[in-house]
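In this chain, residues are counted from 1 in sequence order.
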Amino acid sequence: MPIDDTKVAALVARARREVDRGLLPSAQVALAYEGELVAYEAFGDATVDTRYSVFSCTKAFVAGAVWALIGDGLVDVSLPVTAYVPEFGTNDKDAITVEQVMLHTSGFPHAPMGPAQWGSRESRLATFARWRLNWEPGTSYEYHATSAHWVLGAVIEAVTGSSCPDVVEARVTGPLGLPRVLGIAEGPPQDGIATLVTVGDLATPAEIKQAFGVESLPVTEVTPGALLAFNDPAARAVGIPGGGGVMRARDLALYYQGLLHDDGAVWKPEVLHDATSTVRSRVPERNTGIPANRSLGVVLAGGDGFSHIRGFGRTVSAKAFGHNGAGGQLAWADPASGLSLGYCTNGIDLNVVREPRRGTAISSLAAVCAR
């Protein structure tokens, strides 16, 4: 499919709009096709070398490390987590499988892990032992913002003997020619990371009701304060597996090109195909009732009319897959068009209606650039 330069220009213009209007301090957008960037722009107080906290976009990179270990025969997702991390099996968590953790059906979405506990493997394991279930594993789906990926990180460490950030670099980003994106050491290695700031005003109950059909949204751990905590150099250095990634929009777009065109270099083809195309869970989300449509570590757009709710916009194919991040970060690929998108901003928009609408608009424009 040829790239449509006019449509690419429309994408770039939309990506920069809130920066030009003074809402967002900076942003980057990257569009890639056939393994190469076809557009890469930075706006506002940023250059194309500026790095951003991408929050849950990180999850797809940690999943990529797990896929590599599945191919090695080191991880079997059908096994309980305790096969790899025995300390996890307290308080009725002993039967939870690695697959359930990756599908967010494992029942501990609100399990806490704070700075006082996350600094060492020993303290993380001790914290696992104190965790309790919010509901019976496998019976429901609720997004585990950080808790599930602390467990995946521990599984990765148990089977490799190396830290999760080191394994992501050695098995995923390094072989793809991408920089280290998780566990960035304090000091000069953190130079050039955009400082997160809150912008805008809170949405009114009327705006929320019109957009979502309710007057208020559930309170989760993904609060503005929690997101701003990623400005802390120590938090960036830890490499929080569920949301601590630091990268450029180009790194996101090119990672997803790697997933489209790997040809067995990083992942076993059958493992990669399964992970990026097989819907393993359509369990409805506990709060919205919308089916999860999750594969083993990423989200699939699906053809049921909810692709924009899942963060892909309205014009992708049902086969599109990816994982966005809090604060409006976008990252996906569409096998039907061959396109992949990365979008980053350091402006944490307090308006919970405007932010997803921006993402829908940008993704919808990106998806048609090769049609």
Side-chain angles (χ1 to χ4, degrees), residues 54-67 70 75-82 84-85 88 91-113 124 127-128 131-156 164 217-223 226 240-245 274-302 304 306-307 309-312 320-326 329 331-332 356:
V54 299
F55 305 115
S56 287
C57 295
T58 310
K59 290 179 169 67
F61 290 77
V62 173
V66 176
W67 302 338
I70 292 171
V75 172
D76 180 343
V77 299
S78 69
L79 294 179
V81 171
T82 53
Y84 307 102
V85 186
F88 180 74
N91 302 322
D92 300 317
K93 303 193 302 297
D94 53 295
I96 295 172
T97 66
V98 177
E99 180 183 33
Q100 288 173 329
V101 172
M102 298 186 79
L103 296 177
H104 300 258
T105 61
S106 47
F108 53 94
H110 309 299
M113 178 79 74
R124 294 192 293 270
T127 302
F128 291 162
W131 280 1
R132 295 183 179 276
L133 296 172
N134 300 108
W135 33 266
E136 183 182 351
T139 63
S140 187
Y141 161 61
E142 183 175 346
Y143 185 61
H144 293 48
T146 59
S147 55
H149 282 67
W150 282 117
V151 177
L152 288 181
V155 170
I156 290 169
C164 177
L217 297 176
V219 177
T220 71
E221 67 178 280
V222 186
T223 64
I240 298 167
D274 172 67
T276 58
S277 65
T278 302
V279 177
R280 292 193 179 216
S281 174
R282 291 186 173 88
V283 177
E285 203 276 331
R286 287 171 68 86
N287 297 308
T288 66
I290 295 172
N293 231 53
R294 282 191 169 263
S295 70
L296 197 65
V298 292
V299 184
L300 281 85
D304 56 3
F306 292 116
S307 64
I309 301 296
R310 299 185 181 111
F312 296 94
F321 61 88
H323 207 300
N324 294 340
Q329 325 307 316
W332 53 257

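Within the 4.5 Å cutoff, side-chain heavy atoms of P241 are placed close to those of W150. Using a 4.5 Å heavy-atom cutoff, the side chains of V98 and L152 are in contact. Proximity of W332 to V299: side-chain heavy atoms (C-beta onward) are nowhere separated by under 4.5 Å. The shortest side-chain heavy-atom distance between P109 and W135 falls under the 4.5 Å cut-off. Side-chain contact between N91 and L133 is absent, with no heavy atoms from C-beta onward closer than 4.5 Å.
Under a 3.5 Å cut-off, the side chain of K93 and the backbone N or O of V81 do not form any donor-acceptor pair.
When all heavy atoms are compared, the tightest approach of G302 to S307 is O-CB, 4.3 Å. The nearest pair of heavy atoms linking N134 to A111 is OD1-N, 4.3 Å. Nearest heavy atom pair, residue W131 against residue P112, reads NE1-O, 2.7 Å. Here the closest non-hydrogen pair linking G325 and C57 is N-SG, 3.4 Å.
D304 is linked by a salt bridge (charged side-chain N to carboxylate O under 4.0 Å, His left out) to R310, counting only residues two or more places apart in sequence or in another chain. In this structure T58 satisfies the side-chain contact (heavy atoms from CB on, under 4.5 Å) test together with V54, V62, L182, sequence neighbours excluded. With sequence neighbours left out, D94 forms a side chain to side chain donor-acceptor pair (under 3.5 Å) with no residue at all. With sequence neighbours left out, S295 forms a side chain to side chain donor-acceptor pair (under 3.5 Å) with no residue at all. Remark: S78 engages D76 in a side chain to side chain donor-acceptor pair (under 3.5 Å) (not counting sequence neighbours). Scored by the side-chain contact (heavy atoms from CB on, under 4.5 Å) test, A63 finds W67, M102 as partners (sequence neighbours excluded). Residues that satisfy the side-chain contact (heavy atoms from CB on, under 4.5 Å) test with S56, not counting sequence neighbours, are K59, Y143, H323. Every residue was checked against the side chain to side chain donor-acceptor pair (under 3.5 Å) condition with H149, not counting sequence neighbours, and none meets it. For S106, the side-chain contact (heavy atoms from CB on, under 4.5 Å) criterion is met by I96, Q100, V101, F108, H144, not counting sequence neighbours.
For E221, the CD atom sits in a packed shell: over 12 heavy atoms of surrounding residues, nucleotides or ligands are nearer than 6.0 Å.
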*Could you walk me through whether T278 and L296 pass the side-chain contact (heavy atoms from CB on, under 4.5 Å) test, one step at a time?*
CA-CA 8 Å; T278 302; L296 197 65; over 6 Å; no

*From CA spacing to verdict: side-chain contact (heavy atoms from CB on, under 4.5 Å), V151, F88*: CA-CA 8 Å; V151 177; F88 180 74; 3.7 Å; yes

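Within the structure, salt bridge (charged side-chain N to carboxylate O under 4.0 Å, His left out) contacts touching residues 278-293 (residues at least two apart or in different chains) are E99-R280, E142-R286, D274-R280.
Between L300 atom CG and T276 atom OG1 the span is 7.5 Å, to the nearest 0.5 Å.
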